[in-house]
Amino acid sequence: MLYFLQKKVCQKEELKMDKIALIVNSDDQPNANLFLKEFIAIGGEIDLIICLTPNKNLLFSLKKIFKPLKIFKPNNLKQLYLRFLKFVFGGIQLTEVFASYNNVGENSWDLLPKGDSLKIFAKNNKVKYINSLSIETSLFPEDNRYLVATYGGGIIGKELLNGENLTFFNAHMGSMPRYRGMNVIEWAYLERQPLIATFLTMNDKIDDGDVGYELEIKKDEISSISLLRKIGYEFCAKAMAQGLFKLRNNQIKLVAQNRKGIRYYYRMHPNLRADLEKLLIK
Amino acid sequence: MSLITFLNNPAFAYKYFLESNGVVGKMTTRVDIMKKSVSWVKESFYATKDGGSSAYYKLGSGWAASYPETTGYLIPTLLDYFKFSSDKECETLGLNATNWLLTIQSKEGGWQGLQIDKKAPLRVFNSGMIIDGLANSYLFKKDEKVKNSIDHGIKWIIDQADENGLFTESNLDSGGAYDILVIGCCLYGNQILNYPHYKIELINILDAHLDRFCSNEDFISGCNFSNSYPNTMLLHHIGYTLDGLLISYEILKDEKYLNTVKKYSKKLLSLFEVNKGLSAYIKRDWKKFNDLSNSYSHCLTGYAQMAIVFQKLALFINDRRYENAAFKIMDILTAISNRKFGNKGLDFGLAGSFPVNGNYQKFQIVNWANKYFLDALLLAEKSLSKRRIENG
């Protein structure tokens, strides 16, 4: 079910945004590829792709040669020492307890097929493609305003996020403000709430941006957590594509989140995941 | 601690070495770690031979004498574990502990502070914890002597309240937020006696404590030892306070107690999940406090208590985010305690702090950390089996 939000209109809505950019972590990022296919299918056009990987130039090749020397960095030497301790005395590091909650499906590579090369897509469609290790204002031509579909894990500075000519967006697997944080699609299913993919702006707080568009995720035939997350990624790509398209064509407005009812969720413990798996099988 | 002290106890030196490098034991199941944790608790009883449990095993001095206060609240733990596992030894230890506590009750009704080999005045907090143990013992065996002792004890505790309803007399540091647990335990004990006048007086005392210590939006006052870091809250005392409020809520069904727990638990949940841990001492603005040179130690008793508070809260308000965090806390405690050192005072025992040189109960394996850890694990097992039954 699609539905528009008709609440308080935000300032960002007034911007006349005429360009669309896409930021990715890697050239073949699966969820970004899904988004791009959806966006093109509904008639959208991409103007700029920024890939957060280094340019494969001479400096890159040189760095690669010296990569093994990284082992002598103090942090790496410490890790080596700790591995030795664990090998000799057994046990784990306390930090590994939390690391054990990282589940399959925490990122799209685990569940979605590898995407096509965005560089080749850009070349074939005459789209500007930039390799950069960080997200900076200089990457965006000055005389344009950009709506940025963000799939990159790089840090976006406060200045950029609050910049007049740039609005960064992401898609989230939960309705706002109830499901902020992590593993929210799992939490929503466990709490027997509707599953929603949300298209929203990014600001300097976690999942706090203005909401542009929501898409209900169909629950039918989801029988495992992996499948649940896979479908979550697919609907997030749809929400991002449709949201951006509609926003660019002034069909939707950005609405500030209700301050009441904010909830943050955190990584789900295996015991609760086991309960969820049982619920999904039922 | 001098090098000689460590050389005299190489097992302790081994523990200190591993923990200061962040290395702990292996993960295991709840049932397995319960068995191991109980084995440490049993050793704490065998070390004293008087029916009480040794307060702690300390680097340099070994096992301490029996501690009436913590022996008291170990009784429900032992009896619950007996019900869970049919371990007869735990039943015997629980009932022997009851008899020992009856023999050392003062004629006034209260119990002494500190360990039994130390001369100490009667103390409200310690007596309250013993009431909890005796109440559970009575419910288990229905011994009238125990019921009379509970009556005598609660009366003495109520009589200690000053004109403002606070326990400023016969108490450590003239009382604190943690005394809320004393009132919770007395309300629990009074469920056996069913005296309306006790109930009215206890509610008045509870509300006086709530006003005095928990009225501030941002922090809990009187939540640390007076000789500890100023303007910080000790996680162990936060645990006592919140658990006391939850016990009171369970009995009185007054939402204000539950709402107070919710207010502080929301902050603790976020702090724990974001930082992947809680510092032993928390500043009044809910930021971590470094008690080690450039890092913080973990208060393991406080952790176990929060695992209990979070599990109860999850149930009361139907919010499984708290249960989720409780499981993570229990995992941390499991990993820390699951190691054999070849020393009965150390094997599978939980210390006051992690690493063991943290400020709270430095270089001590304390019986109260193990008690609360076992309680948390037993509560988790109970909830899971209840859910299994509900889900068919």
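The chains referred to below are lettered A, B, ... by the order of the sequence lines, with proteins before strands, and numbering in each begins at 1.
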**Request:** Can you tell which part of A/L190 gets under 4.5 Å to a heavy atom of chain B, answering side chain, backbone, both or neither?
**Result:** side chain
**Item:** chain B contact via A/F98 - side chain, backbone, both or neither, heavy atoms under 4.5 Å
**Value:** side chain
Contact check, side chains of [X] and [Y], non-hydrogen atoms, under 4.5 Å:
{"X": "B/V24", "Y": "A/Q93", "answer": "no"}
{"X": "A/E191", "Y": "B/N318", "answer": "no"}
{"X": "B/R320", "Y": "A/W187", "answer": "yes"}

Contact winner vs chain A - [options], heavy-atom pairs under 4.5 Å:
{"options": "B/L384, B/V274, B/V23, B/L18", "result": "B/V23"}
{"options": "B/R30, B/K266, B/H298", "result": "B/R30"}
{"options": "B/K276, B/K26, B/E19", "result": "B/K276"}

**Asked** For B/D331 and A/Y101, does a side-chain donor sit closer than 3.5 Å to a side-chain acceptor?
**Response**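 Yes, side-chain donor-acceptor contact under 3.5 Å.
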Strictly distance-based, threshold 3.5 Å: is any side-chain N or O of [X] a donor or acceptor partner for the main-chain N or O of [Y]?
{"X": "B/N21", "Y": "A/L85", "result": "no"}
{"X": "B/K328", "Y": "A/M268", "result": "no"}
{"X": "B/R339", "Y": "A/G90", "result": "yes"}

**Request:** Look up atom CG in A/L272 and atom CZ in B/F327, then write down how far apart they are to the nearest 0.5 Å.
**Result:**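 Answer rounded to 0.5 Å: 6.0 Å.
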**Item:** Part of B/S270 lying under 4.5 Å from any heavy atom of chain A
**Value:** both
**Item:** Which portion of B/D319 sits near chain A, non-hydrogen atoms under 4.5 angstrom
**Value:** side chain
**Options A/K86, A/R263, A/E96, ranked by heavy-atom pairs under 4.5 Å with chain B, top entry** = A/R263
**Asked** With chain B, which of A/L82, A/T95, A/I92, A/V97 has the greatest number of heavy-atom pairs at distances under 4.5 Å?
**Response**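 Answer, by heavy-atom pair count under 4.5 Å with chain B: A/I92.
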**Asked** Quick check: are there more than 12 heavy atoms from other residues, nucleotides or ligands sitting under 6.0 Å from CG of A/L69?
**Response** yes
**Message:** For A/E159, is the CD atom crowded, meaning more than 12 foreign heavy atoms sit under 6.0 Å from it?
**Reply:** no
**Item:** Near-ring test B/Y14/A/F89, centroid separation under 6.0 angstrom
**Value:** yes
**Asked** Does the cation-pi check pass for B/R321 over A/Y265, that is, NZ or CZ under 6.0 Å from the six-membered ring centre and within 45° of its axis?
**Response** yes
